[in-house]
S.K.: 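Handing you a structure now.
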Amino acid sequence: MRVPSLRANAISAALILSAGFALVFFYAPLDADQGFIQKVFYLHVPLAICSLIGFIVGGILAIAHLRTGDPRWDARSYVAIHLSVVFGVGVLITGSIWARASWGKWWVWDEPTLVSFLIVFLLYATYYPLRYAIEDRDRQARYASVFAITAGAFVPLNFVAVRMASSLVHPRVFATANGGLPGSMLLTFLVCLAGMALLWIALVRFELAAKAASASLSRLRRALDTDAHVAAPASRIAPGAPSGATTSAR
Amino acid sequence: MPALPLDEAGKYVAAAYLVFLALILTYVAIMAAKLARIDRDLAELADAAERTRPEPDPPDAGADRDARGGAEGNLFERVPEDERARNRPERPSGTGAAGFERERRSREELV
């Protein structure tokens with residue numbers, strides 16, 4: 001299967017996300033219960049879904065790293081988790097804004113959905129100190145992979161546990177018992193979700209490309225350093241010296 | 001809880017979307033700064049590589065020296081070519097175009 005280029009990926013993400021936001025404000029109807037503030041939902045929920053799935057993807061990539069020992073899988077796992085943490089920051093901030101407008105409070109501690117996401121976010125926030133506390137690159141990658149797998153397994157468990165808990169105030173948008181989303185809202189939501197997923201993929205690929213360029217630069221620097229060391233004895237003989245000078249010693 | 005009026009809710013919705021935009025722009029700006037640093041480092045390495053490369057003699061310099069009898073050319077200016085050839089001391093193996101080429105090859109092997 002041919003993978004589209006990063007440029008095509010980024011352009012499609014920008015186009016679909018822009019189309020999704022246009023649908024949010026010009027197509028999707030106002031929510032009968034929440035009114036205009038419900039528009040935050042089209043941003044907050046796709047961010048949360050991409051973030052949580054990104055954490056799971058990070059765990060799957062970490063499994064690939066432990067199976068193969070190839071450091072590229074570790075880099076992919078790291079970047080997936082990194083982007084998911086960035087998206088997680090967006091989830092927490094946009095969720096707080098929505099909570100302030102809808103509930104009158106920035107944060108509610110007795111709401112399982114909020115607290116569980118915060119726990120997952122803080123769990124992944126410890127990934128960085130764990131990773132960078134280890135100097136040896138191989139051990140660092142191995143330990144980070146074990147962490148990513150364990151935490152990645154925790155994410156769906158946490159999600160199911162929260163769904164099973166009786167939520168009091170957090171809306172359940174995909175619940176079918178109360179009718180679920182009407183078609184126009186669902187279409188808008190799905191377009192936003194697709195755009196957000198494409199943005200996540202594009203940013204992951206962007207960061208991976210930057211990491212690959214940085215690694216190539218380090219290799220080049222090491223190679224040039226080695227060249228300089230090797231060439232130093234030769235330069236005493238060769239550069240600029242008359243050719244007879246080299247042979248006079250022979 | 002009743003829905004907020006549009007003018008009230010609009011501020012929160014705008015804030016949420018602006019936060020998202022700011023988050024993505026900050027991330028992209030940080031990545032762009034990193035890429036700019038990589039680009040700068042790459043340019044510096046390219047300069048360093050150019051500087052350390054030994055400056056080669058012009059390709060016909062050795063041949064020209066051969067034609068003039070090498071470094072000793074001035075001493076044999078008035079001597080005919082055949083006599084000059086007969087009197088010419090045996091040239092050390094590293095002089096002239098062949099010597100230059102041999103030397104270049106040995107340098108390349110070292111590197």
S.K.: Where do Phe20(B) and Leu17(A) land on the side chain to side chain contact (heavy atoms under 4.5 Å, CB included) test, with the steps shown first?
M.R.: CA-CA 12 Å; Phe20(B) 170 71; Leu17(A) 208 53; 3.9 Å; yes
S.K.: Considering heavy atoms only, which positions within residues 23-31 of chain B lie below 4.5 Å of chain A?
M.R.: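 The list, in residue order, reads Leu23(B), Ile24(B), Tyr27(B), Val28(B), Met31(B).
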S.K.: Could you measure the distance from the OH atom of Tyr12(B) to the CD1 atom of Ile97(A)? Nearest 0.5 Å is fine.
M.R.: 9.5 Å
S.K.: Decide yes or no on side chain to side chain contact (heavy atoms under 4.5 Å, CB included) for Asp41(B) and Arg221(A), but give the supporting numbers first.
M.R.: CA-CA 9 Å; Asp41(B) 287 354; Arg221(A) 184 174 284 136; 3.6 Å; yes
S.K.: Does the side chain to side chain contact (heavy atoms under 4.5 Å, CB included) test come out yes or no for Tyr17(B) and Phe21(A), once each step is laid out?
M.R.: CA-CA 9 Å; Tyr17(B) 279 83; Phe21(A) 290 161; 3.6 Å; yes
S.K.: Answer with side chain, backbone, both or neither: which region of Leu43(A) has an atom nearer than 4.5 Å to a non-hydrogen atom of chain B?
M.R.: both
S.K.: Could you walk me through whether Val13(B) and Phe36(A) pass the side chain to side chain contact (heavy atoms under 4.5 Å, CB included) test, one step at a time?
M.R.: CA-CA 8 Å; Val13(B) 173; Phe36(A) 192 66; 3.8 Å; yes
S.K.: Can you check whether anything in residues 196-206 of chain A gets within less than 4.5 Å of chain B, heavy-atom wise, and list it by number?
M.R.: Met196(A), Leu199(A), Leu203(A), Phe206(A)
S.K.: To the nearest 0.5 Å, what is the distance between CG (Leu217(A)) and CZ (Arg40(B))?
M.R.: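 Spacing of CG (Leu217(A)) from CZ (Arg40(B)) equals 11.0 Å.
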S.K.: Is Ile38(B) close to chain A through its backbone or its side chain, or both, or neither, when contacts mean heavy atoms under 4.5 Å?
M.R.: both
S.K.: Heavy-atom count around Phe26(A) CZ within 6.0 Å, excluding the residue itself: above 12?
M.R.: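 No.
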